[in-house]
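In what follows, a single structure is set out as structure tokens and then discussed.
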Amino acid sequence: VSATSDVVVVGQGLAGSLLVHALTEHGLQVTVLDPGHAQAASMAAAGSLSPCTGHRYTAPSPLRAWLSPALALWSEIGARLGIQLIRPLPVCRLFREPAEAEQVQRRRATDATLARVLSAPQSGSPMGLASAPGHVHSATWQVDLPGFLERTRAWLMHTGRLITAGLPNGLPLPTPDRAGWLGLELGGTQIRARALVLCQGGNGPNVSALRDLPWRLSRGTALYLASHANFPMHGVSREQALLPLGDGRYWLGASYARVQPGVLGDTPPVSERESVLEGLSALLARPPATSVLEWRTGVRPGSRTDAPFCAPLPNQPGVHVFNGLGSRGSLLGPRCALALATHIANGAPLDPAWNPWHRRA
Ligand SMILES: Cc1cc2nc3c(=O)[nH]c(=O)nc-3n(C[C@H](O)[C@H](O)[C@H](O)COP(=O)(O)OP(=O)(O)OC[C@H]3O[C@@H](n4cnc5c(N)ncnc54)[C@H](O)[C@@H]3O)c2cc1C
């Protein structure tokens with residue numbers, strides 16, 4: 001059996017899936033390798049998209065500029081796949097301390113994007129929510145990441161472009177032959193392509209060529225709860241968030257535990273799940289006894305410099321990495337995928353800030 005295409009994409013999480021769509025728009029043929037999504041962070045993620053996260057209410061300037069293109073790309077891909085991929089999800093952000101009100105005021109006065117997405121701070125907390133010194137309403141969006149991965153997978157399967165096998169971590173990366181083809185042999189299938197892109201999420205650091213990148217990995221666990229009369233229609237957040245998923249379920253999460261490479265797939269301790277559930281009392285005035293439908297866990301593949309890894313590998317012609325999206329995949333992913341696809345299609349330069357080898361040179 002053989003598969004010849006322009007590009008082989010290894011990993012079909014958020015990064016690999018976005019890249020496949022962007023490459024296809026350039027008219028390139030793609031083969032995708034992924035054994036399944038059992039360990040994909042994208043399947044555990046809330047998919048919330050906002051340029052402003054955290055309690056310092058900052059939005060670094062590239063992130064502000066990426067908001068509109070990200071929203072546009074998610075809607076476009078959703079229309080192509082025939083699903084509603086992105087929807088507005090207002091979130092009430094409860095303050096942890098009174099000083100947050102001044103932070104918000106200051107940011108809104110100096111930053112037009114933040115003034116658009118954050119309301120003026122208000123004191124106390126809205127009815128039904130846990131008591132707080134103040135709160136702010138945030139315009140946030142939510143991307144249906146599990147739906148995106150599943151639909152994209154079905155489309156790839158249907159068009160014969162998915163190989164349901166993983167690239168063994170220890171397999172030496174291919175070098176181009178005289179005609180410029182990269183060749184791989186996987187379980188009896190010969191795969192040939194002009195370019196190879198490594199999008200393995202939290203498994204990335206286990207690949208020797210990527211081991212030395214400045215990774216920052218954190219495991220996150222989220223719970224899926226059945227709706228309850230005490231739950232608000234909008235999202236609410238503080239340390240954690242309770243977000244309606246629009247299908248009768250709520251997403252509650254997430255934990256944050258720094259982990260070392262290699263632990264992908266480890267089951268988090270029960271205490272981690274319990275502490276996520278206990279977090280409900282910091283969000284709601286009367287947290288109900290609620291049934292947990294499911295829990296999911298994933299490793300956020302972050303970068304210590306906060307910049308994604310989206311670059312060609314040095315000394316490995318034709319091989320690229322697309323990873324390091326951390327906890328902002330929904331916002332950073334679209335911009336990187338479009339740029340990487342254009343780079344592969346016609347050699348357009350990539351942002352040097354996304355090149356982890358360049359940064360350290
Ligand atoms: C609990 C939690 C909550 C989060 N919430 C948000 C949020 O609200 N908003 C947001 O923007 N981000 C959020 N994130 C972060 C977001 O999930 C990541 O930024 C994003 O999913 C990373 O996508 P990825 O494709 O790089 O990795 P993944 O989604 O992990 O995908 C990697 C894929 O590669 C495949 N793979 C691995 N190794 C191989 C191999 N050797 N061969 C073939 N395939 C392989 C895996 O099967 C997997 O499908 C959250 C993360 C977690 C864990």
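Just follow the structure's listing: the first ligand is 1, and inside any ligand the first atom is 1. Just so we're clear, the structure is a prediction, and the values are computed from it rather than from any experiment.
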Contacts of Leu114 that satisfy side chain to side chain contact (heavy atoms under 4.5 Å, CB included) - sequence neighbours left out:
Cys52, Ala59, Arg107, Asp111, Val117
Heavy atoms only: which of Gly201, Gly204, Gly324, Gly326 lies closest to atom 27 (O) of ligand 1?
Gly201
Just by distance, with hydrogens left out, do Arg93 and Ser138 show a side-chain donor and acceptor under 3.5 Å apart?
no
Looking at Val32, Ile191, Thr31, which one forms a side-chain contact (heavy atoms from CB on, under 4.5 Å) with Ser5?
Thr31
Exercise: do Ser48 and Gln142 side chains pair donor with acceptor under 3.5 Å:
no
Check this for me: does any side-chain nitrogen of one of Asp351 and Arg335 sit under 4.0 Å from a carboxylate oxygen of the other?
no
Heavy-atom proximity to atom 47 (O) of ligand 1, picking from Gly36, Pro35, Gly16, Ala40, points to Gly36
Atoms of ligand 1, numbered as shown, that sit under 4.0 Å from any heavy atom of Gly220:
1 (C), 53 (C)
For ligand 1, does Asp34 get within less than 4.0 Å through its side chain, its backbone, both, or neither, judged by non-hydrogen atoms?
both
Show which atoms of ligand 1 fall inside a sub-4.0 Å distance from at least one heavy-atom site of Gly298.
53 (C)
Of the listed options (Ser17, Ala45, Ser48), which comes nearest to atom 8 (O) of ligand 1 when hydrogens are ignored and any heavy atom counts?
Ser48
Select one of side chain, backbone, both or neither to describe which atoms of Gln200 lie under 4.0 Å from any atom of ligand 1, heavy atoms only.
both
Criterion side-chain hydrogen bond (donor to acceptor under 3.5 Å, both in side chains) on Thr140 and Ser50, from CA distance to verdict
CA-CA 5 Å; Thr140 301; Ser50 161; 4.6 Å; no
